[in-house]
Each structure stands twice: as C-alpha cells, then as structure tokens.
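Lettering follows sequence order; numbering is per chain, from 1.
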Amino acid sequence: MLGSVFAKSLRDQRQSLGWWSLGLVLLTASIIAFFPSIRDNADIEELMKAYPEGLMALFGASDLENITSAAGFLNVELFGFMVPLLFIVFAVGLGSGAIAGEEGRATMEILLAEPVGRGRVVLEKSGAMIVATVVLGIVLWVAMVVGAVAVDMDIGPVRFAEAVLTVTLLGLTFGGLALAIGCITGNRGLALGVSSTAAVSTFVANALGEIADFIDPAKWVSPFYYYNDANVLANGLNPAHAAVLAAAAAVLVGIGYRAFQRRDLRL
Amino acid sequence: MKRALDSLIDRNAVDGYAVRQPGGVGRIGQEGKQTAMAADTAIRFEGLTKFYGQQRGVEDLDLEVKAGEVFGYLGPNGAGKTTTIRMLLDLIRPTRGTATILGMDAWKDSIEVRRRVGYVPGEPALYPNLRGEELLRYLASVRGGVDWGRIVVLTERLESDLTRRIDTLSRGNRQKLAIIRALMHEPEVLILDEPTSGLDPLMQEVFEQLIREASAAGSTVFLSSHILPDVEQVCDRVAIIRSGRLVAVEEIAVLKSRAFRSLELQFAGPVPPEAFAGLEGVSNVVVADGVLNCDVSGALDQLVKAAARYTVVNLTTTEPSLEEIFLAHYGDHEDDGAG
C-alpha cells in the first residue's frame with residue numbers, strides 16, 4: 001500500500017472511503033425502502049403537480065415526471081440533489097487535498113526530494129481521486145441494484161450503472177476543479193471554497209434555466225446540465241453529455257498538471 | 001566516555017557506508033568519480049538569485065563546491081540558507097542565475113539531480129500518521145533501487161525506532177528519520193539543512209562520523225548551519241552568507257590561521273596595563289586584580305617577554321571558536337539589506 005504515490009494516496013483514503021460508503025448505503029437503503037408506499041399513489045401524484053414548477057426544478061424533478069414511477073422517485077429523492085451533492089463533496093475533498101493538502105502539511109517537500117516529477121505526482125494523485133470516486137460509485141451501484149430488487153423497481157443494473165457513471169463524472173468534474181486550483185495556488189482552503197461556490201452556482205443556474213428563459217443559455221456551462229438534464233434513469237445514458245463531463249475533468253487535471261510544474265512550492 | 005564512543009563509532013564505520021571506489025579514503029579517491037565532468041565541481045552557483053516579490057531571498061550567489069568536499073554553508077537564521085538549498089532541489093525556482101549539480105541544471109535536470117542527491121530539510125515534515133518504517137518504505141519505493149539493508153544499518157547506528165508512529169516522535173527522533181532517508185541511497189551529493197538540530201550530542205557524533213564516511217567514499221557534502229562549531233569538525237571549507245549575500249568563502253584551516261588567541265595571565269602582584277597595551281599583535285587588554293586578559297594574533301614573543309618582568313603565577317590560552325573568528329573578521333561588514 002506504500003509502493004507509489006498513487007497507492008499511498010489511495011491508502012490515505014481507505015478510512016474515509018469506508019465511512020462514506022456506509023453513509024451512502026444507509027441513505028440509499030432508507031430512501032428506497034420508502035418507495036413502496038409512494039408507488040402508484042395517485043394522491044401524491046396530484047400533490048406533486050400542485051407544486052410550482054421552479055420549486056420542482058430545484059429538487060431535480062425537472063420535467064414534472066411522475067414521482068410515483070421508480071425513475072421519477074429516484075430522481076427526486078436521490079439523483080436530483082443528495083447523491084450529486086455527496087459525490088461532489090467527496091471528490092472536491094480529494095481533489096483539494098491531493099496537491100494543496102500535501103503542500104499545506106509540508107510533506108510535499110520530502111516527497112519531491114525524491115526523483116519523481118511533479119507532473120507525475122499530479123497524475124498519480126489524480127488517479128487516486130478517480131479510483132476512490134469510482135469505488136464510491138460502485139458502492140452506490142450495488143446499493144441501488146440490491147435495493148431495486150428488494151422493492152421490485154423496474155430499473156435494471158445497466159440503467160443504474162449509467163446513472164452512477166454520470167454522477168461519478170459530475171463529482172470528478174468538480175474534484176478536477178479543486179485539484180487544478182490546488183495545483184495552481186497550493187492553497188487547500190481556496191480550492192475547497194472556489195469549487196464549492198462553483199458547484200452551488202452552476203447548480204442554481206441550471207435549475208433556474210428551466211423556468212427563467214434569460215438564464216437558460218447559462219445552463220450550457222453548467223455541469224449539472226450535462227449530468228442529468230437528459231434524465232439518465234428514464235432515458236438511458238446520453239453519451240455526448242457524459243463525454244462533456246469526462247472531458248471537463250480531464251482538462252482540469254491537465255491544467256493542474258501544467259500549473260504545478262511551473263511554480264514554487266509553498267513551504 | 002569520549003574514547004568509548006569513538007571506538008564504538010570506529011567499529012561500526014566500515015559496514016555503515018560502502019566505499020564506491022577502491023582506495024576511496026579521505027580526499028584521495030575523489031578524482032576517479034567525476035571522470036565525465038569537465039571540472040571536478042559538484043555544485044556551482046552562477047549569479048543565483050531569488051526574490052520573493054520585492055523581498056530578497058538571496059542575490060548573486062557565485063560559488064563552487066568541489067567534488068568530494070565537505071562544505072559548510074553558514075549564516076544566521078533568515079540569511080537565505082534554506083532558500084538556496086530549496087533551489088538546489090527544485091522546490092523553488094531562481095529569479096535569475098543558475099545552479100548546477102554534478103554538471104546538471106538543478107531545474108531542467110531536476111529528476112536526475114534528485115536521483116543522485118540526498119536531502120535533509122530544515123524542518124522535516126514527515127507523514128505523521130505513518131510509522132518510521134512505513135515512511136522509509138514509501139520514500140524508498142518512490143525513489144526506487146534502495147537497498148533496505150542500508151536502511152537497517154543506518155537505523156542501528158542512529159538508534160532510531162522505526163516501529164513508532166511519527167507523530168509520537170520527538171524532534172530529534174524525526175530528524176534521525178530524515179537523516180536515514182537522505183543517506184539510504186548512498187547519494188553522490190548530500191544537501192543538509194541544519195541537520196543536527198534536535199540531535200543529542202551523542203547522535204551528533206554519530207552523524208558527523210556518517211558525514212566523514214560519506215566524504216571518504218567520494219560524496220560531496222553541502223551542510224548548512226547557523227551554529228559555527230557544528231561545521232568546524234567536519235567541513236573543509238565554509239561559505240558565510242548574510243542577508244542573502246555571500247560575504248566570505250574560506251578554508252577552515254585559513255580561517256583558523258587568522259585566529260587570535262585569548263590569553264589570561266595571573267601575576268603575583270598588580271601589573272600596569274600600559275606595560276602590555278602597546279605591544280604588537282596584542283589587543284583588548286584588560287587588567288584587574290593582577291590578572292591580565294588580552295587577545296594575541298601572531299607570535300607570543302613580545303607578550304611573554306613583557307610578562308617576564310613580573311612574577312607569572314599562571315598562564316592560560318583559549319583557542320577561538322569559528323564564531324569568534326567570524327565576528328572579528330566579518331562582523332563589520334553587515335549588510336542591512338532586505339532579508
């Protein structure tokens with residue numbers, strides 16, 4: 001577990017990853033357990049229709065889909081807000097800690113006294129961030145698949161995999177942003193703050209774009225638009241949207257890769 | 001006590017540091033090592049300058065350290081020693097000028113430079129949640145090609161405990177890990193930033209012995225300190241840096257030859273200060289209660305002849321520390337620039 005920068009970075013995450021996985025499983029299980037009481041309940045459907053469109057948009061039920069269907073229920077309760085929030089917080093924590101965190105604790109000085117390039121350190125730590133987030137995604141996928149079987153949801157493992165993939169990519173986009181800012185500045189607090197602000201503002205911009213036409217063009221720069229505007233659980237993966245998120249994450253890591261090689265270490 | 005310690009060190013000396021070439025003892029073996037290099041220069045600064053914004057870190061450093069040399073880099077805290085050393089490791093980049101190590105640019109060829117350099121940082125921040133052994137295994141893996149047997153030998157000699165978590169270790173014990181780390185791959189150049197801080201005197205002796213062995217095996221040692229007696233024992237030459245500028249580069253022997261001696265003569269009765277004050281090479285004359293204190297540079301002849309006119313009860317002489325020599329020669333050249 002200490003054979004490389006990549007392996008050590010993953011090792012440093014194992015405890016945190018364990019707790020996050022537990023929390024995610026508990027959340028998923030408790031929400032899914034609630035589904036049978038909602039399913040095919042016409043009263044609730046009527047109730048939902050009474051809510052203003054804007055409010056529903058903020059809760060992720062963008063197209064007023066039927067909350068009594070499995071896909072509509074999971075979008076409102078999990079994939080609209082809670083699950084993307086958790087994946088973003090998790091990945092941003094890893095991304096901001098990757099370079100800026102190690103610099104803040106001043107251990108970067110001894111690591112970089114070994115004959116390892118800075119670019120390689122960025123790539124290995126990015127790799128660890130990606131793997132840890134994907135592992136969390138796999139945990140979510142297993143929980144969803146098992147939960148769906150338990151309450152007899154009409155969504156299969158492949159469709160769940162597609163939804164989990166998009167939320168993982170969304171998390172990694174913001175994780176990549178945090179990593180890049182950490183690489184540029186060496187300041188973990190700044191990386192956390194900017195990434196969180198970016199997540200909140202692009203989320204709101206995308207949600208409000210549904211109801212306010214003048215904001216609508218802004219959704220094109222919002223990762224949340226590419227995350228679930230196409231409603232992956234109902235319609236399947238939108239490869240173009242997923243590619244945009246993956247490319248954004250890759251570009252951000254690339255920016256970090258270059259930036260970290262060009263500056264003085266913060267010591 | 002001292003003698004027992006020396007014999008202990010000698011007994012361990014051979015297995016501690018593999019000699020890289022036959023006959024590699026003292027200064028003799030060093031030529032064989034740098035065959036490919038135009039000059040036998042291990043470290044060279046040319047106009048090396050670092051500014052932090054407007055604030056000067058170091059400015060226009062020009063320096064050559066010969067291969068196989070043990071070189072002291074001296075100066076008060078904040079003089080720019082750590083700034084210089086961090087540029088050698090490519091942790092920070094020069095504002096202008098170059099640093100060359102083993103013929104390679106410290107920036108462009110940094111990875112290869114670091115492959116051949118061992119480094120002890122001034123304030124070693126080690127991963128606090130790892131045990132000593134885990135830390136060394138990690139850094140050895142990242143480096144590659146490290147013989148674990150070498151780490152075991154160093155651990156025994158420095159009496160380091162690798163089983164404890166780093167956050168439970170004292171400053172000195174963390175320093176030992178940093179030293180083991182720097183020596184584990186038998187580097188050709190050792191760059192040490194205040195390496196003995198926190199070490200007890202016994203371990204300082206062991207450390208100095210390790211430095212001598214590294215030098216005997218042909219390694220170059222660049223050693224910074226703000227405590228002059230620290231480097232006196234091991235260094236061939238020293239550079240003195242102050243407020244970011246080099247103020248002197250001297251052989252230790254030359255520095256010492258410039259030495260003055262402090263003498264104390266005790267007489268049977270009162271003596272007049274005038275009898276000694278005007279003598280050639282004699283300064284700082286103080287007489288009180290029949291005791292004369294003064295500093296003498298050069299021969300003692302005149303002072304002894306003057307003293308012989310009175311009844312001398314006792315005579316003691318003190319060799320100056322480098323610190324005293326330094327202050328006497330360079331104390332007036334203080335540059336009050338930034339830094």
Q | Cation-pi geometry met for Arg118(A) and Phe260(A) (6.0 Å, 45°) | A |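 Checked: cation-pi criterion met.
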
Q) Centre of Tyr73(B)'s six-membered ring, under 6.0 Å away, within 45 degrees of the axis: is that where NZ or CZ of Lys81(B) sits? A) no

Please identify, among [options], the residue contributing the most non-hydrogen atom pairs under 4.5 Å to chain A.
options                                    : result
Glu112(B), Glu123(B), Arg181(B), Glu134(B) : Arg181(B)
Leu130(B), Val117(B), Ile92(B)             : Ile92(B)
Ser141(B), Pro121(B), Ser110(B)            : Ser141(B)

Region of [X] in contact with chain A, defined by heavy-atom distances below 4.5 Å:
X         : result
Ile191(B) : neither
Arg143(B) : both
Tyr119(B) : side chain

Using non-hydrogen atoms only, which part of [X] is less than 4.5 Å away from chain B: side chain, backbone, both, or neither?
X         : result
Arg266(A) : neither
Thr107(A) : both
Gln261(A) : backbone

(Q) Below 4.5 Å, heavy-atom pairs only: which of Ala113(A), Ala106(A), Gly3(A) has the largest tally toward chain B? (A)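 Among the listed options, the one with the most contacts to chain B is Ala113(A).
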
(Q) Counting heavy-atom pairs under 4.5 Å with chain B, which one of Met108(A), Arg11(A), Arg105(A) comes out on top? (A) Arg11(A)

Atom [atom1] of [X]: over 12 foreign heavy atoms under 6.0 Å:
X         : atom1 : value
Arg93(B)  : CZ    : yes
Arg258(A) : CZ    : no
Phe34(A)  : CZ    : no
Trp148(B) : CH2   : yes

Q. Are the aromatic rings of Phe203(A) and Phe81(A) close, with centres under 6.0 Å apart?
A. yes

Q: Check the pair Arg86(B), Glu109(A) against salt bridge (charged side-chain N to carboxylate O under 4.0 Å, His left out), reporting the backbone distance first and the verdict last.
A: CA-CA 9 Å; Arg86(B) 283 175 173 165; Glu109(A) 182 171 20; 3.2 Å; yes

